[in-house]
Amino acid sequence: MARYIGKEMSRVDGVAKVTGKAKYAAEFKVPNLAYGFIVTSSIAKGTIRSIDTKEASRAPGVIRILTHENYPKPAPPTAPELNSSTGLDERDKSFRALQSNQIFFNMQPIALVLAETFEQARYAARLVKATYNEEKPTTDLESSLDKAVAIDPQRAAIPRDAVKPRGNPVQAFQSAPVKIAAEYTIPIEHHNPMEPHGAIAFWENNKLTIFDKTQGVYVVRQHLATSFNIPEENVQVISPFVGGAFGSSLRPNYYPALTAMAARVIKRPVKVVYTRQQMYTGHGYRPHTWQKVSLGAQRNGKLTAIVHDSRNNSSTFQDWVENTTEFPRTLYACPNADTPQRIVRTNLPTPASMRAPGAVSGIFALECAMDELAYALKIDPLELRLINYTEVDPDTKKPYSSKALRECYRLGAEKFGWKNRKFEPRSMRDGRFLVGWGMATGVWGAWQRPASAKITLKSDGTAHVASATADIGPGTYTVMTSIAAEYLGLPAEQVKFELGDTKFPEAPVQGGSFTTASVGTAIYESAQNIRRKLLDLANKDTASPFKTAKIEDVELLDGKLQSKNNSSQSINIFELMRRNNLTELVDVHEAKPSPEREKYATGAHGAQFVEVKVDPDVGTVHVTRAIEVTASGKIMNPKTSHSQEIGGVVWGIGMALQEATEIDHRYGRIMNPNLQHYHVPVNADILEIETIFVEEDDKIVNPLGVKGMGELGMVGIPAAIANAIFHATGKRIRDLPITPDKLL
Ligand code: MOS
């Protein structure tokens, strides 16, 4: 009987977070701190002709001003090209500040002013004057679609295999009796975490310590060791709390190396924090995508062809391909499919992963196209999904280790009342409001990455558990505490879990929704090692009641090692440790994905049903009801899991109706880099959201049976909303966000 797993647990760090005790990177106290303020470019392309820091240098409190003219040249990188610690195999060819006079994007850092106080640094930054040789920038994807190219693997941020067609999609599309083809566009969107990105760095001899906002301390460590050509052991990265990140801190951004370099130059601790505006060019973004989806089908609804052509913008110095089509090409049974992906190089920073990267954009296009096909066929949209349901990965033909999507559809439709939907658009009303019901499918991975954890069981009855993962908000502190408590057989209050420090064993970045599967498995397996060590001790002990017991015959419960079959056969583990003069028992363990996974396709799935009400006079849309049913393996903590899925729905509402980074393409400059003009949902935008889990029993994905769920929560939502708006209004809006002007 599980005492913690699958049960609701409130956040163990909840009180620390709401009382301000949880320290974010820029909140640590370091003596003799100097403050850095970043100066950014006012052009998007060209070179700096001159940079005048004289007046700024004379301003009160200024210690030093770094520009490309006096920035110490870093040593050539020594670290391997592929950054293994991310778990994402990313190449560290990211933008680095103050390397030359070249301008790659508007609001690029061109100087760092260091002063005694933040206000002095900010004031002096205003006095730095730059002149430029300006060239005309290209920042618009849609006017440059003809310039789209395949990515160059040498310049790729994430190497990806070229995707090959399945079957003969072009011919199949041509000969299909029913077909649709449509183009879908999604603008650039920005992560807008509450906590701005920032760091505090200081050096002691050749050792660097940095407090940084990051989703992976080991990634930042490797990046900085490479940047300064010092051994990785000489860099400590500390990041115990993160105030939201959503992918914006997966890769090291430019500010940690800049902060560390400044600290080295002035031989003092330095703090640098982005302004909200600087975040818009400081940490990447969801790229602008253009997608054309062509679907061919037989009259009975069976898909015969999928051609999903996808293009996104990248920077001029790094190739970023948004992985829009990985999931769309496997979601339905269809013998012929092609999913070419190309990029357009623009004078903007490199994009980044942003919540459900690729999947939410690609599924928006595919699931809107499926709705269009349903109307072309006059088949109910849910029925069309069921007609094309697949139990195997259509590319590899491997069966899914588990896939309860069918049950998600059934349960969601039942709860929503889908059978009462009238097929015709504009056929449902509530007073003067047009009512629309739409649905879509969500899909995400069920990945596991190698991860390590350390358990220290103490004879005083407590346990310390640590892993250098992160908690960007999903509740990692809590779920890891519950896993350790469960399998060490201790009350959760006796378990302390720590993360976010390179002094702990290595873990991958918190991203891809693979943390519980990866780090949770490490803790689970490490707890088994502890149990084995205790059994060995017990078997040496004269008082042992189970001399012949095997590891699988015993469990840890209530501070005791006891026989599974006979609970009266037990031994107090802390007395056992004390009898053996042990104050602590330590295990460090790395968990790896099992080779068994290779025999299967793996994934997490969901069905989304939404109701919108559209005001026909002013074009406003309200999502009045959303039901999301997800199947993501075992639900470890229903309380935090529901929170994640609700968060996903809110993200989806923002993406569908509000979010867009506006660029003035004449200057290549972002026009709304703030929370006043970049719209995200507020409480008044959020009405009824119900999240339901269909649990899957899947021990193939990992021993805990958990799958990715945080990002899954948003994947189908924008498509479901766009489809509901079509149903309400008869207008097919294929360009996000669906703002009122598009509905009038
Ligand atoms: Mo994940 S892109 O780090 O939300």
Side-chain angles (χ1 to χ4, degrees), residues 10-37 117-119 121 191-204 207-221 223-224 235-246 248-250 252-253 255-260 262-263 268-276 278-279 282-283 454 464-481 493 495-505 507 509-511 515 519 640 643:
S10 293
R11 287 171 190 264
V12 297
D13 53 337
V15 171
K17 278 194 159 172
V18 298
T19 55
K21 281 204 183 75
K23 271 208 180 82
Y24 297 93
E27 295 182 322
F28 282 84
K29 297 276 174 278
V30 176
N32 197 27
L33 187 65
Y35 294 80
F37 196 92
T117 70
F118 171 74
E119 289 75 12
H191 328 66
N192 270 290
M194 295 284 278
E195 180 200 9
H197 296 58
I200 297 171
F202 58 93
W203 293 82
E204 287 157 308
K207 293 201 167 158
L208 169 64
T209 303
I210 187 164
F211 299 96
D212 182 27
K213 168 181 179 141
T214 178
Q215 293 176 248
V217 287
Y218 272 81
V219 180
V220 174
R221 183 171 90 157
H223 169 77
L224 293 173
V235 182
Q236 186 180 8
V237 183
I238 303 167
S239 184
F241 290 96
V242 175
F246 322 118
S248 65
S249 295
L250 280 174
N253 294 303
Y255 71 88
L258 181 64
T259 308
R268 276 175 70 169
V270 169
K271 166 150 77 173
V272 175
V273 181
Y274 285 162
T275 61
R276 178 64 53 179
Q278 288 166 354
M279 290 166 73
H283 60 53
K454 177 179 180 182
H464 183 265
V465 183
S467 175
T469 181
D471 188 346
I472 60 174
T476 306
Y477 274 108
T478 312
V479 74
M480 298 308 164
T481 302
E493 301 73 40
V495 175
K496 183 170 174 61
F497 174 71
E498 287 193 282
L499 52 70
D501 194 321
T502 48
K503 75 181 180 198
F504 301 136
V509 287
Q510 176 154 79
T515 300
V519 180
T640 46
S643 293

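These numbers come from a predicted model, not from an experiment. Residue indices begin at 1 and follow the sequence shown.
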Any sub-3.5 Å donor-acceptor pair from [X]'s side-chain atoms to [Y]'s backbone N or O?
{"X": "Y218", "Y": "A468", "result": "no"}
{"X": "T502", "Y": "V217", "result": "no"}
{"X": "Q215", "Y": "S249", "result": "yes"}
{"X": "N192", "Y": "R276", "result": "no"}
{"X": "T478", "Y": "V12", "result": "yes"}
{"X": "K503", "Y": "Q236", "result": "no"}

Check whether any side-chain heavy atom of [X] lies under 4.5 Å from a side-chain heavy atom of [Y], and answer yes or no.
{"X": "V219", "Y": "P252", "answer": "yes"}
{"X": "F202", "Y": "P31", "answer": "no"}
{"X": "Q278", "Y": "P196", "answer": "no"}
{"X": "S248", "Y": "H197", "answer": "yes"}
{"X": "V519", "Y": "T476", "answer": "no"}
{"X": "V273", "Y": "Y35", "answer": "no"}

Measuring from atom [atom1] of [X] to atom [atom2] of [Y], what distance do you get when rounded to the nearest 0.5 angstrom?
{"X": "I472", "Y": "H191", "atom1": "CD1", "atom2": "NE2", "result": "9.5 Å"}
{"X": "I238", "Y": "I200", "atom1": "CD1", "atom2": "CD1", "result": "10.0 Å"}
{"X": "T481", "Y": "E498", "atom1": "OG1", "atom2": "CD", "result": "10.5 Å"}

Give a yes or no on whether the ring-centroid distance for F504 and F497 is below 6.0 angstrom.
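No, the ring of F504 stays outside the 6.0 Å limit from the ring of F497, centre to centre.
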Could you pull out the closest heavy-atom pair between [X] and [Y], with the gap in Å?
{"X": "A262", "Y": "V270", "result": "C-CG2, 3.9 Å"}
{"X": "A260", "Y": "A201", "result": "CA-CB, 3.8 Å"}
{"X": "A121", "Y": "G36", "result": "CB-C, 4.4 Å"}
{"X": "T469", "Y": "A507", "result": "N-CB, 3.8 Å"}
{"X": "G216", "Y": "V509", "result": "CA-CG1, 3.9 Å"}
{"X": "P505", "Y": "A466", "result": "CD-O, 3.9 Å"}

What class does the angle between the rings of F28 and F211 fall in, given that below 30° is parallel, 30 to 60° is tilted and above 60° is perpendicular?
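The rings of F28 and F211 lie parallel, inter-plane angle below 30°.
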List the residues meeting side chain to side chain donor-acceptor pair (under 3.5 Å) with T259, not counting sequence neighbours, and say none if there are none.
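Side chain to side chain donor-acceptor pair (under 3.5 Å) check on T259 returns nothing, list empty.
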Test side chain to side chain donor-acceptor pair (under 3.5 Å) applied to T640 - qualifying residues, sequence neighbours left out
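T640 satisfies side chain to side chain donor-acceptor pair (under 3.5 Å) with N637 once adjacent residues are dropped.
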Test side-chain contact (heavy atoms from CB on, under 4.5 Å) on N253 and K213; report intermediate values, then the result.
CA-CA 10 Å; N253 294 303; K213 168 181 179 141; over 6 Å; no
Stepwise, does the side-chain contact (heavy atoms from CB on, under 4.5 Å) test hold for F241 with D471?
CA-CA 7 Å; F241 290 96; D471 188 346; over 6 Å; no
Pairs satisfying side chain to side chain donor-acceptor pair (under 3.5 Å), at least one member in residues 15-30, at least two apart:
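Passing the test, one end in residues 15-30: no pairs.
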